[in-house]
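Working notes for the structure below.
Just the heavy atoms: all of them, side chains too, but no hydrogens, waters or symmetry mates, feed the values below. Note on naming: letters A, B, ... go to the chains in the order of the sequence lines (proteins, then strands), and numbering restarts at 1 for each one.
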There are 2 protein chains.
Amino acid sequence: MPNPAQNAGRTVTIHDVAAAAGVSIGTASKALNGVGRMREETRARVAAAAERLGFRPNTLAQALLGGRTYTVGLITCDSFGRFSIPVMLGAEDALGDGQISVFMCDTRDDPIRERHHVERLLARRVEGIIVTGRRTEPRPGIGRDLPVPVVYAMTQSLDESDLSLVPDDEGGGALATRHLLTTGRTRVGHVTGPEGFQAARARAAGMAAALGEAGLRPAGPVLHGEWSEEWGRQGADVLLRAAPDVDAIFCGSDQIARGVAETLRDRGRRVPDDVALVGFDNWEPMALGSRPALTTVDMNLGEVGRLAARHLLDGIAGRPVEHGVRTVPARLVVRESTRRGT
Amino acid sequence: MPNPAQNAGRTVTIHDVAAAAGVSIGTASKALNGVGRMREETRARVAAAAERLGFRPNTLAQALLGGRTYTVGLITCDSFGRFSIPVMLGAEDALGDGQISVFMCDTRDDPIRERHHVERLLARRVEGIIVTGRRTEPRPGIGRDLPVPVVYAMTQSLDESDLSLVPDDEGGGALATRHLLTTGRTRVGHVTGPEGFQAARARAAGMAAALGEAGLRPAGPVLHGEWSEEWGRQGADVLLRAAPDVDAIFCGSDQIARGVAETLRDRGRRVPDDVALVGFDNWEPMALGSRPALTTVDMNLGEVGRLAARHLLDGIAGRPVEHGVRTVPARLVVRESTRRGT
DNA sequence: CTGAAAGCGCTAACAG
DNA sequence: CTGTTAGCGCTTTCAG
């Protein structure tokens, strides 16, 4: 049986198929697309010829004619980093079934490169663009009045008329905090990332709100620093001095939580018996590698991506795209670091 | 000044530009492409019209006519994981400047999906395909006699006639080991990943070779286990029992190294004073978060990707693509965990 | 120096 | 039931 793919010579066109099947080019097209009515025998003969020659309809020609390319662009400013990848996966998920292919572009955080990529994508007649990013900090949009719909995911456009999908940091902070309260903790501290990050501020706000509902306040000051383990180690020390009776610490990231865990251990506090610990990100290598394994907030980034894709598809279908900033609920993943309340 | 992008209504074609500039369609084309000879004034008039209307040549039409699409496919089996991302970045790097766009496809490790993606890419007339993967284990190729060149990066095709680019695990192991010897260590142990992984075996072989050159043998048995911190913690205990006088440990991954470091600390061995430690991967969040920061082997994955892209471009240009498995040298990153030799 | 016409691979009307 | 034709947007001969 000849391999259908062995057309290394010249690409097989529908013209070849038609010739091989002894029909005209138009008939071949209809036969292959199951359109119109014709003798079953003819249809089969054409199909056989196509199969034998390894015919693959040229998507470009179809696109040119049909006015649709079934492609979208995915622009990331995250160097394909840790956050945008799950988003992309989710997006690919929602798009892939629709026979839509994805052009990937990385901007390296360079606006010139970005502009360049947008131009290229538009020249390729993508039907829509998803923009993802590293942080949730608002950023300038990729352009106004573009001829295709645009959705921002895991990043946020400064332009109010754009649609941006971001994780619910505030809700996540509240979720983590309420979980700690449920397990009987009442003196909850917070060590997190730079105050300049909206994500850090929102998570802290969520925590404060949840504590407030219970008539409580944070134990010690909210400690802002870098998104690093090293800061977690330092921050924990500061916190232990400021609020020695702390019985739970909510951390702005899993990395910070690991650092905190290390200092707690060095200072003879057992996790979770003396101090319960909650991280943020559900970055598994970190959260599972930590001892004990970290309870943490998962931002459902895949869902962010899926939603972004779905909104984009709506836009492509001609339905008006919503605008403003929309938030995707987070989810708590409970592990050892908060088991067995006091 | 009108925004060139405000063509939300209908896409601007060269026909529109020609009409606006008062020239024929062919003249407009030549003017825009700087081809042929014509009055400077005409050229300028066309350029101005194109600018004003926000004309973007339709890449599809150009591709159809020119027989080149300037696109390649990137297939990953790694769910955009930690390893294939740097590879992609490197590839995008080498391709992007050549005005080549990249279609991303994730297979989720499903051969059916993979087949599907390959078909789709070929239908879109990509000019080449790069396949990346999670492990360096050999895998079946994506198809024989495809009409476009294919390069495997960070994964390896079973088909000897394919070109596969993989990191030099053996060289990396030797590099790490020689560094330890240089800092005066002589009793070097090894804790690494599953024996089933070629990467683990190659790294161990590299270490054995380097020790052999110095007339030495590994301290204790080579310990195979999971690629996890937990295994690092356990493995270190086993090693300390089997070879209590060990003064250096080379680990198969940074995660394992972190686990090893933790156990060493628990057992009262100082790093690097009593025992020096080298990891593998240079996965920065892990390597830098560890205390002390880990000396580790960087596989130069970006280079792997860049090379893959370059070979692919060669293939696209019609030059014959080499075949077999080619190896990209690794690089040592020295940090605290090996400073100050005994 | 500029315009007209052919054609890339395909589909969708319309004739036969 | 099948073949012919026009045309998607563009480039490239070849005449004018």
Side-chain angles (χ1 to χ4, degrees), chain A residues 7 9-47 49-50 53-71 99 120 122-127 147, chain B residues 7 9-47 49-50 53-71 99 120 122-127 147:
Chain A
N7 52 338
R10 196 181 53 79
T11 309
V12 178
T13 75
I14 197 169
H15 183 270
D16 304 324
V17 175
V23 296
S24 86
I25 207 169
T27 306
S29 172
K30 278 185 292 190
L32 291 170
N33 295 306
V35 179
R37 277 179 312 186
M38 65 199 343
R39 242 183 306 161
E40 203 40 60
E41 190 267 334
T42 310
R43 208 179 285 282
R45 193 151 35 88
V46 173
L53 298 177
F55 172 65
R56 266 185 273 268
N58 185 332
T59 311
L60 277 80
Q62 295 180 144
L64 188 56
L65 189 58
R68 292 203 55 184
T69 58
Y70 296 93
T71 57
Q99 300 294 306
R120 207 141 85 187
L122 293 176
R124 290 198 184 277
R125 298 299 188 263
V126 295
E127 301 185 33
Chain B
N7 51 339
R10 196 181 55 79
T11 309
V12 178
T13 75
I14 198 169
H15 183 270
D16 303 325
V17 175
V23 296
S24 86
I25 207 169
T27 306
S29 172
K30 279 185 291 191
L32 292 171
N33 294 306
V35 179
R37 276 179 312 187
M38 65 199 342
R39 242 183 306 163
E40 201 42 58
E41 189 267 336
T42 311
R43 210 179 284 282
R45 193 149 36 86
V46 173
L53 298 177
F55 171 67
R56 265 184 273 269
N58 186 332
T59 312
L60 277 80
Q62 294 180 145
L64 188 56
L65 191 58
R68 293 204 54 184
T69 58
Y70 296 93
T71 56
Q99 302 293 306
R120 204 139 90 185
L122 293 176
R124 290 199 183 277
R125 298 299 187 263
V126 295
E127 301 185 35

task = Measure from the side-chain N and O atoms of B:R45 to the backbone N and O of B:A21, and report whether any donor-acceptor pair falls under 3.5 Å.
result = yes

request  = For B:T42 and B:V23, work out which heavy atoms get closest and say how close.
outcome  = CG2-CG1, 3.9 Å

ask   = With sequence neighbours left out, what residues match B:T27 under side-chain hydrogen bond (donor to acceptor under 3.5 Å, both in side chains)?
value = B:S24

message = Could you report the tightest heavy-atom contact between B:V12 and B:V17, atom names first, then the distance?
response = CG1-CG2, 4.2 Å

query = Do any N or O atoms from the side chain of A:T69 and from the backbone of A:A63 form a donor-acceptor pair under 3.5 angstrom?
reply = no

key: Distance in Å, B:Q62 CD paired with A:R124 CZ, rounded so as to fall on 0.5 Å steps   = 9.5 Å

query = Between the two end axes of the helix from C:dC1-D:dG16 to C:dG16-D:dC1, each built from 5 base pairs, what angle do you get to the nearest 10°?
reply = 60°

remark   = For nucleotides 9-16 of chain D, 5' to 3', base contacts (B), sugar-phosphate-only contacts (S) and non-contacts (-) with protein non-hydrogen atoms under 4.0 Å give BBBB----

ask   = Roughly how many Å is it from CE in A:M38 to P in D:dT4, rounded to a whole number?
value = 14 Å

task = Supply the atom-to-atom distance A:I14 CD1 to A:I25 CD1, rounded to the nearest 0.5 angstrom.
result = 6.5 Å

Working for side-chain contact (heavy atoms from CB on, under 4.5 Å), residues B:F55 and B:L32 = CA-CA 10 Å; B:F55 171 67; B:L32 292 171; 3.6 Å; yes

